[in-house]
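Beneath this line is the structure, given in structure tokens, with notes to follow.
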Amino acid sequence: MRSSGLLVAAVTALCSAAAESSSSRSQHRLFSTAFGYPGVNSTYDYVVVGGGTAGLTLARRLAAHASVAIIEAGGFYEVETGNASVVPLLSLTGLAFLDPAETFLPQPLADWSLVTEPVVGAAGRRIHYAQGKTLGGSSAINTMSYIRSTRGAYERWAEIVGDDSYEWDAMLPFLKRSVHLTPPDLAKRNSTAAPVVYDRSAFDPAGGPMQVSWNNWVDPTLAWMAKAVGQAGLPLSDEGFVSGSLVGQGAWVPSTIDPERATRSSAETSFLREAIEETNLIVYTHTLAKNILFDTASLPKATGVSVNTAGLDYTILARKEVVVSAGVFHSPQLLLVSGVGPVSTLQSLSIPVVADLPGVGQNLWDPIQIFVSYQADTTSGQVLTADPATAPRYLEQYFTDASGPYSSAAGFLAAERVPPSYRSGLRSETLAKLSSWPEDVPELEYITGSFVGPNLTTIATVAVVMPLPFSRGSVTISSRDAADPPVIDLGWFADDADLELALAGLKRLRNDIWNTPVARQHRVGKELLPSPGVQTDKQMREYIRQNASPIWHACSTCAMGKAEDVEEGKAVVDSHGRVFGVDGLRVVDASAFPFSMPGHPQSAVYALAEKIAEDIMKSA
Ligand SMILES: Cc1cc2nc3c(=O)[nH]c(=O)nc-3n(C[C@H](O)[C@H](O)[C@H](O)COP(=O)(O)OP(=O)(O)OC[C@H]3O[C@@H](n4cnc5c(N)ncnc54)[C@H](O)[C@@H]3O)c2cc1C
Ligand SMILES: *[C@@H]1O[C@H](CO)[C@@H](O)[C@H](O)[C@H]1NC(C)=O
Ligand SMILES: *[C@@H]1O[C@H](CO)[C@@H](O)[C@H](O)[C@H]1NC(C)=O
Ligand SMILES: *[C@@H]1O[C@H](CO)[C@@H](O)[C@H](O)[C@H]1NC(C)=O
Ligand SMILES: *[C@@H]1O[C@H](CO)[C@@H](O)[C@H](O)[C@H]1NC(C)=O
């Protein structure tokens with residue numbers, strides 16, 4: 001007994017020594033020194049729940065000036081899920097667990113294995129909704145496209161939350177801060193068919209540590225598909241998709257890839273690795289945050305988090321603040337199990353009410369995608385690497401030169417407003433809804449993809465995405481235990497306008513993009529998806545309901561807003577990420593977006609984390 005007591009005392013002393021001493025670049029730090037000792041209660045200035053995209057970014061910045069602990073349910077994905085999450089080409093097809101079907105192949109060391117409630121508007125399907133359960137969070141399993149939202153969208157964000165500092169010009173420094181851009185390697189790309197155009201002034205040479213770069217290889221199938229999109233009326237942008245405009249154009253977009261080795265750059269490889277070297281950040285891996293602890297003042301203050309590592313319960317206390325960055329489904333879950341949420345939900349599970357916040361778990365925005373595909377007469381990265389005759393050569397090219405098909409992931413996107421010929425067919429209610437958005441916000445987005453089909457054929461796919469759904473879903477709990485999965489209602493097509501837009505998008509793909517001269521030249525045989533039998537509007541609606549897929553951009557379940565919107569359930573955090581009704585607690589991640597930022601969200605998640613980190617340091 002005595003010796004184990006001494007041991008605990010010694011370990012506690014070690015942990016607090018690590019936590020207390022301020023960051024020092026001069027001293028060499030052991031890698032192992034960055035990890036907490038499970039089972040030992042410890043105290044830090046800030047405790048960040050979730051070592052994901054936002055959590056690691058924010059923690060790394062805070063750790064430059066304060067003691068910080070990260071609580072993360074997963075571990076290092078490079079160690080635990082092999083190379084599929086590291087090699088760009090494998091980011092979609094190599095990670096079998098991204099499959100949205102209920103019958104997906106689970107990967108418990110990288111994914112939460114969340115399965116939604118039956119989606120009423122989508123033929124009652126239950127959707128497996130991939131979410132990173134690993135250091136880096138969803139940045140460790142996403143498809144890596146790096147694009148930014150629009151000027152108008154950020155202006156809308158500023159309006160909704162009543163804070164000008166969310167306008168584009170004010171956000172741009174934060175968008176720049178997290179990323180380091182490497183210009184395209186044109187020799188490695190070896191293609192005139194995929195011209196990269198970008199705006200250098202949209203990046204800061206001093207930005208980082210996230211790496212953003214262009215694929216070191218161009219997929220020949222994507223090259224002609226990009227031309228087809230161009231022939232359908234969406235020419236290449238002359239500044240790319242990082243400068244605040246998206247509509248009416250296409251772009252070869254960069255990805256979060258480290259160009260030197262052509263490996264995934266995630267919040268873990270960038271922010272965490274840097275923090276381990278340069279700060280005294282402490283990470284608790286394979287550790288589940290079970291409850292946020294509050295003192296019982298009239299304004300309850302978050303004092304720490306009770307956690308569990310492999311069955312061991314202990315407490316991590318925060319001298320200053322607890323920051324929840326557990327992602328769009330788990331952040332609201334953690335608030336709910338801790339007594340912060342709609343009173344009715346809390347009471348139904350006998351959870352003591354800390355703060356009545358009706359909006360926790362509400363306002364789920366979840367854009368969807370719909371596919372049209374054909375066989376193509378060109379080869380693709382997926383085919384070249386699936387073919388035993390060519391794969392070894394490309395593997396060697398990847399290892400020696402960081403180029404070739406393995407180095408590359410997708411890369412061409414386009415966006416537009418619904419074109420007039422389709423717009424005129426929309427109901428006036430739908431038009432009125434669309435008109436509530438700024439002019440520069442895309443209503444339809446296209447993503448090109450190429451896959452391997454039977455007998456090493458190439459399957460070419462264009463997906464249409466509706467970035468601003470009008471339907472809302474929700475997240476709630478059916479248990480007081482954070483180890484049980486949250487209950488997710490995606491709400492797809494709850495609003496008819498979404499089905500109408502999806503139908504317009506599907507027709508645009510089939511009638512225009514897939515019908516352009518260049519697409520007709522390269523497509524082979526009959527349409528594979530939906531298939532020639534799907535012709536009437538009724539059949540197409542049915543196809544959409546049966547096949548709509550997530551694009552994993554869910555957000556806004558702890559929406560940022562104004563104090564006057566709290567009661568209506570429209571706001572959970574203020575424009576500093578502070579949870580209304582309590583003290584010492586923030587939510588900073590995709591759940592705090594006021595709405596789904598058109599474009600792809602990761603740039604905004606990093607920027608938000610940078611912004612709130614600066615906020616916290618300024619107010620400390
Ligand atoms: C398959 C996929 C493809 C995508 N493709 C793109 C793309 O190409 N471009 C783009 O811009 N965006 C893309 N996205 C979206 C983007 O990656 C996410 O919006 C973003 O990463 C979310 O960041 P976050 O910080 O909100 O959450 P996450 O990065 O998911 O982090 C949440 C973290 O919290 C941890 N956690 C949760 N609960 C607990 C708990 N109770 N205790 C301890 N830890 C906990 C999780 O394990 C996780 O590490 C994609 C997402 C997915 C899933
Ligand atoms: C850790 O904290 C918890 C909760 O405050 C307490 O019950 C427990 O005894 C503490 N453990 C140790 C080893 O001090
Ligand atoms: C990934 O790992 C597998 C072994 O699990 C190996 O066969 C394959 O060549 C690797 N691919 C790359 C691109 O590293
Ligand atoms: C560049 O592309 C050409 C034509 O597609 C091809 O013949 C050549 O081998 C490529 N060069 C390299 C270095 O890959
Ligand atoms: C694949 O090849 C086999 C043998 O040549 C052939 O019978 C089959 O029809 C082919 N399948 C497709 C989809 O091309």
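Atoms within each ligand, like the ligands themselves, are counted from 1 in listed order.
- Here T287 has backbone heavy atoms under 4.0 Å from ligand 1, and that is the only part of it that gets that close.
- Geometrically, K611 engages Y166 in a cation-pi contact defined by less than 6.0 Å to the ring centre and at most 45° from the axis.
- Atom 7 (O) of ligand 5 lies below 4.0 Å from none of the non-hydrogen atoms of the protein.
- Going from atom OG of S306 over to atom NZ of K290 covers 7.5 Å, rounded to the nearest 0.5 Å.
- For the atom pair CG (N308) and CG (D313), the distance works out to 4.5 Å, reported to the nearest 0.5 Å.
- Ring-centre distance between H330 and W112: below the 6.0 Å cut-off.
- By the definition of a contact as any protein heavy atom under 4.0 Å away, atom 12 (C) of ligand 5 is in contact.
- No part of A482 comes within 4.0 Å of ligand 1, judged by heavy-atom distances.
- The closest protein non-hydrogen atom to atom 39 (C) of ligand 1 is W112 CZ2, 3.8 Å.
- Under a 4.0 Å N-O distance rule, the pair E614/R61 does not qualify as a salt bridge.
- Listed by number with element, the atoms of ligand 1 under 4.0 angstrom from any heavy atom of H600 are 7 (C), 8 (O), 9 (N), 10 (C), 11 (O).
- Of all atoms in ligand 2, listed by their number and element, those nearer than 4.0 Å to a heavy atom of T315 are 2 (O), 3 (C), 4 (C).
- Summarising the contacts of atom 48 (C) of ligand 1 with G132, S255, G50, the nearest heavy atom is found in G132.
- Interface atoms of ligand 1 facing T143, defined by a heavy-atom separation under 4.0 Å, are 3 (C), 4 (C), 5 (N), 6 (C), 7 (C), 8 (O).
- Where the criterion is an N or O separation shorter than 3.5 Å, residue side chain and backbone included, G55 fails it with respect to ligand 1.
- When T457, L456, N455 are ranked by how near their heavy atoms come to atom 10 (C) of ligand 5, first place goes to N455.
- By the criterion of a heavy-atom distance under 4.0 Å, the backbone of S325, and not its side chain, is placed next to ligand 1.
- Of the options A267, P601, S145, the smallest heavy-atom separation from atom 12 (N) of ligand 1 is shown by P601.
- Aromatic pair F593/W157: centroids less than 6.0 angstrom apart.
- Counting heavy atoms under 4.0 Å from ligand 1, residue D589 touches it through both backbone and side chain.
- Interatomic distance, F241 CZ to S603 OG, rounded to the nearest 0.5 Å: 12.5 Å.
- A salt bridge is defined here as a Lys NZ or Arg NE, NH1 or NH2 lying under 4.0 Å from an Asp or Glu carboxylate O, and E72 with K133 fails to meet this definition.
- Less than 4.0 angstrom separates some heavy atom of S139 from each of these atoms of ligand 1: 21 (O).
- Residue-to-ligand polar distances keep H330 apart from ligand 1: every N/O pair is separated by 3.5 Å or more.
- Taking the ring centroids of Y129 and F329, they lie under the 6.0 Å cut-off.
- Salt bridge E268/R60: absent, no basic N to carboxylate O contact under 4.0 Å.
- Within the set T53, V49, N291, the minimum heavy-atom distance to atom 23 (O) of ligand 1 is found for T53.
- Of the possible polar contacts, one joining the S139 side chain to the G136 backbone as a donor-acceptor pair under 3.5 Å is found.
- The part of T134 lying near ligand 1 is the backbone, judged by heavy-atom distances below 4.0 Å.
- Contacts between M144 and ligand 1, counted as non-hydrogen atom pairs separated by less than 4.0 Å, involve the backbone only.
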